[in-house]
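Here is the structure we will look at.
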Protein chains: 2
Amino acid sequence: MQVSEHRRGPIRSEAARVAILDATARLFETRGYDHLTMEGIAAEAHVGKQTIYRWWPSKGALVADCLLEGRLLVGGYTPADSGDLRADLATWLHVMLTFVERQGGDSLVLSLIAAATDHSDVGARLAEGLGANSLLRARLESGVAAGQLSPERPLEELAEAFVGVALVRALGRTSSSAAEARRIVDAVLGGAAPSAPATP
Amino acid sequence: MQVSEHRRGPIRSEAARVAILDATARLFETRGYDHLTMEGIAAEAHVGKQTIYRWWPSKGALVADCLLEGRLLVGGYTPADSGDLRADLATWLHVMLTFVERQGGDSLVLSLIAAATDHSDVGARLAEGLGANSLLRARLESGVAAGQLSPERPLEELAEAFVGVALVRALGRTSSSAAEARRIVDAVLGGAAPSAPATP
DNA sequence: TATACGAGACGCACCGTCTCGTCTTTCTGT
DNA sequence: ACAGAAAGACGAGACGGTGCGTCTCGTATA
């Protein structure tokens, strides 16, 4: 009786796996999702196409794995904590919207949305990658602790709303000023915002 | 000297234009955006490929025109007005989320998001088509008139937040119950919701 | 002996351009 | 006025190019 659970022959090459995911992330960031091709990835990774198809069914699955291993959206963007929740959220949103609409062509976020439409795992991880479950949520919790936000509001869903607005603006290529970002924050959190008269 | 602003030769065929847009809308709804092909549209419309390329640069532009002429998302979904803003919004959101995740494959909304990622006009019209600027906004205005919503909150941005949540859930294929929809509404509008204890 | 690997050939689908022949509209010459 | 001539939209489809997903080599490794 054999000890190994593996039947026979060579095991999966970790070098190939890493090279493929690296190539995917690199090409995804530089060329965008719709210009990403299996043949391009194979060439970039110096790997046979069959090696890719043996382990991943589609380019969407590749992108999903990259997202899962943190090769995309590295680090994320941590919202500041100045003590003023609305101002911090407005800054976060403004940075996010600016990041979203950079360049004329494919922004990274737009490419991720495209990837999400044909692979559900990308979509599932997209909101989190943009901070819905971690960075942004942490700032919201801090706001609750500071009494600037009702503890009754579900933070998960609130964070989703902010990410959602960013996605809508990304899809509409709507350019958004800092004042616009502030207005969004006030719209979602509620009208108690006498300090900043928005003039876009 | 010529009177006409038209140079010479036959004018654009309206029959061909209509046939092409009809075929596009029909194939888009049945097959989804990524299975939509120029050759398929040409065959379905009984039209030469050149006739399509003469007037539209890409399939994204075709979908955008369909959206613009109301051939997609016909009618929209009008939120009810029972007098209870939160309940109506929760119902609207629940219907929207159910609509979004119908079937296993491409839902219509997912296809529209995919189309939006490679043609900006689709994205610009998508939020409106889902009701951000018209149907949903009208219900919010009614809520303001009924004193259930602060008049200081920008309704445009608030509606975008609701549509945005729907998009995030669509991309994540998150199945959402009625209670979940209600929790989202409470999260965005604020914690004043003692009536419905959410139990998903 | 079984199997992962790099390499790449294969047939297929669709792309975007082009070239036909036909038909419709407008301009020009008599 | 009226017959061309010129221009261009039309349906049809051929064309080379690109990427797909499958397959088949020979080699290397367990």
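Residue numbers begin at 1 in each chain, while the letters A, B, ... track the order of the sequences.
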**OP:** Taking the side chain as every heavy atom from C-beta outward, state whether B/Leu89 and B/Leu136 have any atom pair closer than 4.5 Å.
**Re:** yes
Original post:
Are any side-chain N or O atoms of B/Glu157 and backbone N or O atoms of A/Glu180, one a donor and one an acceptor, separated by less than 3.5 Å?
Top reply: no
**OP:** Could you pick out which residue, B/Gly9 or B/Gly48, lies toward the 5' side of DNA chain D when each is mapped onto its nearest nucleotide?
**Re:** B/Gly9
**OP:** Rounded to the nearest angstrom, tell me the gap between atom CD1 in A/Ile11 and atom C1' in D/dT29.
**Re:** 10 Å
**OP:** Rounded to the nearest angstrom, tell me the gap between atom CZ in B/Arg17 and atom P in D/dG11.
**Re:** 14 Å
Original post:
B/Ile41 CD1 to C/dC14 C1': how many Å, rounded?
Top reply: 12 Å
Subject >> Distance-only donor-acceptor test (3.5 Å): side chain B/Lys49, base D/dG13 >> reply: no
Original post:
What is the distance from CD1 of A/Ile52 to P of C/dA7, rounded to the nearest Å?
Top reply: 12 Å
**OP:** Can you figure out which of D/dG21, C/dC5, D/dC10 approaches the side chain of A/Thr51 most closely?
**Re:** C/dC5
Subject >> Cationic N near anionic O, under 4.0 Å, A/Arg169 to B/Glu160 >> reply: yes
Subject >> Whole angstrom value for the distance that separates P of D/dC23 from CE of A/Met38 >> reply: 16 Å
Original post:
Out of D/dC10, C/dC5, D/dG21, which nucleotide sits closest to the side chain of B/Trp55?
Top reply: D/dC10
**OP:** Check every atom of C/dG6, C/dT3, C/dT1 against the side chain of A/Val47 and return the nucleotide holding the closest atom.
**Re:** C/dG6
Subject >> Options C/dA7, D/dC20, D/dA28, nucleotide nearest the side-chain atoms of A/Tyr53 >> reply: D/dC20
**OP:** Nearest whole angstrom, please: distance from the C1' of D/dG21 to the CH2 of A/Trp56.
**Re:** 17 Å
Original post:
Please give, in whole Å, the distance from D/dT18 P to A/Arg31 CZ?
Top reply: 13 Å
Original post:
Toward the 5' end of DNA chain C, which comes first, A/Ala42 or A/Glu39, by nearest nucleotide?
Top reply: A/Ala42
Original post:
Do the charged groups of B/Arg17 and B/Glu69 touch, with an N to O distance under 4.0 Å?
Top reply: yes
Original post:
What's the CZ-P distance between B/Arg8 and C/dT24, to the nearest Å?
Top reply: 18 Å
Original post:
Is any side-chain heavy atom of A/Tyr33 less than 4.5 Å from a side-chain heavy atom of B/Thr117?
Top reply: no
Subject >> B/Gln50 side-chain proximity, nearest of C/dC5, D/dG8, C/dT19 >> reply: C/dT19
